[in-house]
Amino acid sequence: MEHLQAELKGNVLTSDHDSGEAYTTALRRNSDLSTLPAKFIVQPTVYEDIPLVIAYATSHTPPLEIAVKGGGAHSSTWASSDGGIVIDLSKLNKVTLADDQKSISVQGGALWGDVYEVTSKAQVDVVGSPLWFVGVGGFTLGGGYGPLSGEYGLAADNMLSATVVLANGQIVKTSNTEEPDLFWAIRGGGGQFGIVVEFVFKTHPYAGPFASGIIAYPGTEFTNVLNIIREWKTTQTPAERLTVTFSRPAPHSKPSIALLPGALHDTDGARSKTVFAPFRNGNGSVKPVFEKIVTVPDMLTVSHGADASFAHAPRRLAIRGTFFSDFFPELLTAVWEKWVAFTESSEDVRSSGVLWDLTSPEKLVQVSPTEMALRVREPHYWMAVQGRSTTDASVPAAKEFTESTARLVREKNAELSGRDLGWFVNMCQGDENPEDVFGENLPRLRKIKAKYDPKNIWSKGLAIEPLFE
Ligand SMILES: Cc1cc2nc3c(=O)[nH]c(=O)nc-3n(C[C@H](O)[C@H](O)[C@H](O)COP(=O)(O)OP(=O)(O)OC[C@H]3O[C@@H](n4cnc5c(N)ncnc54)[C@H](O)[C@@H]3O)c2cc1C
């Protein structure tokens with residue numbers, strides 16, 4: 001290990017007294033359930049550090065496991081290793097806007113907050129996460145649905161090129177014209193093909209000011225609120241977004257349905273005032289117990305506001321989620337009843353929540369299902385179940401709740417729509433059948449895996465078996 005450290009520009013952290021505190025900090029993930037005790041954590045500062053780490057890990061018999069950490073937001077243990085090496089990309093987080101401002105280059109360990117620091121100053125926009133702390137790496141490799149997706153599609157749809165460190169240590173550029181198979185695979189195929197050390201994204205003209213807020217109703221008004229949403233959906237444009245959440249706010253912890261409205265181009269607050277009026281006045285049938293919509297200048301502010309909402313949530317978090325085809329009130333009602341019963345069952349899991357993202361799918365359906373690894377291109381939305389527990393003892397119950405609820409959504413959606421949309425890689429835990437994630441794109445992904453990672457060095461994540469021809 002000393003030999004490795006001597007060769008690297010970046011640092012190697014271990015649990016010993018030399019790097020103890022830095023090591024503990026670097027192990028930390030968004031969820032405590034995602035943390036594992038790595039043997040070494042390497043924090044590369046130049047791309048050339050990474051091939052040296054791969055060579056070191058593979059020189060062992062058997063090879064040391066390698067995990068790659070981007071932002072550390074994924075709720076699985078994919079970015080952590082028990083006894084292996086973590087390549088922590090956090091020092092590779094530089095963001096550079098092109099001189100013509102039409103594209104932006106983002107290093108693989110940057111957070112969306114790092115990107116918004118730059119885009120907000122320059123008054124351009126990019127498709128990214130609504131949350132400051134989510135990593136650009138994991139988010140984009142799994143597709144990436146964000147506030148601008150209604151107008152501009154997914155983060156993966158906006159990737160122009162990337163620089164990737166391959167399993168054999170080579171550092172390659174990839175785009176539609178360079179290593180095109182690799183480029184196809186990393187747009188939705190996850191982190192199974194190499195370490196993306198640099199992404200280049202298309203930028204868009206300033207999409208602000210942005211409306212962002214919360215409108216909350218008591219759970220007793222659940223059916224009325226669904227009726228308002230159903231009517232509102234018929235007039236929604238790609239510039240408007242609604243996230244429907246099930247939560248139990250303090251101090252009473254009673255079931256509540258809270259809507260998180262968002263809008264682009266909200267000049268002087270005019271758009272949000274009109275568009276979200278039915279939720280404020282309840283179409284005469286229901287009034288919110290709380291409502292606040294603000295108009296802010298940039299995505300940096302939006303993303304900080306969203307992060308703040310998680311600040312006091314329990315840190316034992318398990319997430320699963322999936323796609324759904326349309327706003328089916330029966331589907332939301334089935335999940336509401338399950339969620340109310342589960343969060344009633346024990347105080348330990350009362351912070352568990354459910355989130356339904358209703359961003360317009362208008363743009364993302366314009367891409368064909370085989371244009372890149374992310375194949376779900378018919379009209380759809382995504383949802384997430386967040387199982388939060390305050391004690392270790394309640395973790396299994398919260399995990400079971402997330403798993404069975406995501407399954408319920410997938411099955412009920414298939415029943416209601418006649419379409420089985422499978423699983424969404426960014427919300428997977430790793431025990432899913434890859435065929436249910438990648439469908440008809442799986443055979444091509446397996447061949448690309450055989451070409452770029454024949455020995456399965458990138459073994460963490462949603463396993464894609466190499467297929468040798
Ligand atoms: C609170 C919350 C809200 C979310 N909201 C959204 C949302 O609105 N839309 C959406 O699409 N997703 C959302 N997600 C899911 C999120 O996009 C995924 O969890 C994503 O994987 C996080 O990326 P990360 O880099 O922070 O994760 P990490 O935990 O660091 O990594 C996740 C996976 O990606 C791999 N990886 C990360 N960076 C790289 C890289 N540079 N090269 C190769 N592999 C890499 C890791 O090895 C790991 O397998 C949300 C997650 C949370 C926790």
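We count ligands from 1, going down the list as the structure has it; atoms in each ligand are counted the same way.
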Q: May I ask whether G194 has any heavy atom positioned less than 4.0 angstrom from an atom of ligand 1?
A: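 Per 4.0 Å heavy-atom rule, G194 contacts ligand 1.
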Q) Does G144 have a non-hydrogen atom less than 4.0 Å from ligand 1? A)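 A heavy atom of G144 does come that close to ligand 1.
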Sub-3.5 Å N/O-N/O distance, [X] and ligand 1:
X: N426; answer: yes
X: G72; answer: yes
X: L89; answer: no
X: W382; answer: no
X: M427; answer: no

(Q) Do the side chains of K69 and D88 get close enough for a salt bridge, i.e. N-O under 4.0 angstrom? (A)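 Judged by the 4.0 Å cut-off on N to carboxylate O distance, K69 and D88 do form a salt bridge.
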Nearest option to [atom], as decided by whichever heavy atom of [options] sits closest:
atom: atom 53 (C) of ligand 1; options: S149, G70, A73; value: A73
atom: atom 21 (O) of ligand 1; options: Q107, Q192, H74; value: H74
atom: atom 36 (N) of ligand 1; options: G138, S31, A384; value: G138
atom: atom 49 (O) of ligand 1; options: W112, W78, F424; value: W78

Q: Answer side chain, backbone, both or neither: which part of N30 comes under 4.0 Å from ligand 1, heavy atoms only.
A: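 It is the side chain that touches ligand 1; the backbone stays farther off.
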Q. Do any non-hydrogen protein atoms sit less than 4.0 Å from atom 46 (C) of ligand 1?
A.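 So far as the 4.0 Å threshold goes, atom 46 (C) of ligand 1 is in reach of a protein heavy atom.
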Show me which atoms of ligand 1 lie under 4.0 Å from any heavy atom of [X].
X: L131; value: 1 (C), 2 (C), 3 (C)
X: G191; value: 44 (N)
X: G108; value: 41 (N)
X: K69; value: 30 (O)
X: P130; value: 8 (O)

Q | Pi-cation contact, W339 with R248 (under 6.0 Å, within 45°) | A |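 The answer is yes, since R248 meets both limits relative to W339.
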Q: Specify the protein heavy atom at minimum distance from atom 10 (C) of ligand 1: its residue, its atom name, and the distance to 0.1 Å.
A: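 Sorting protein heavy atoms by distance from atom 10 (C) of ligand 1 puts F139 CE1, 3.3 Å first.
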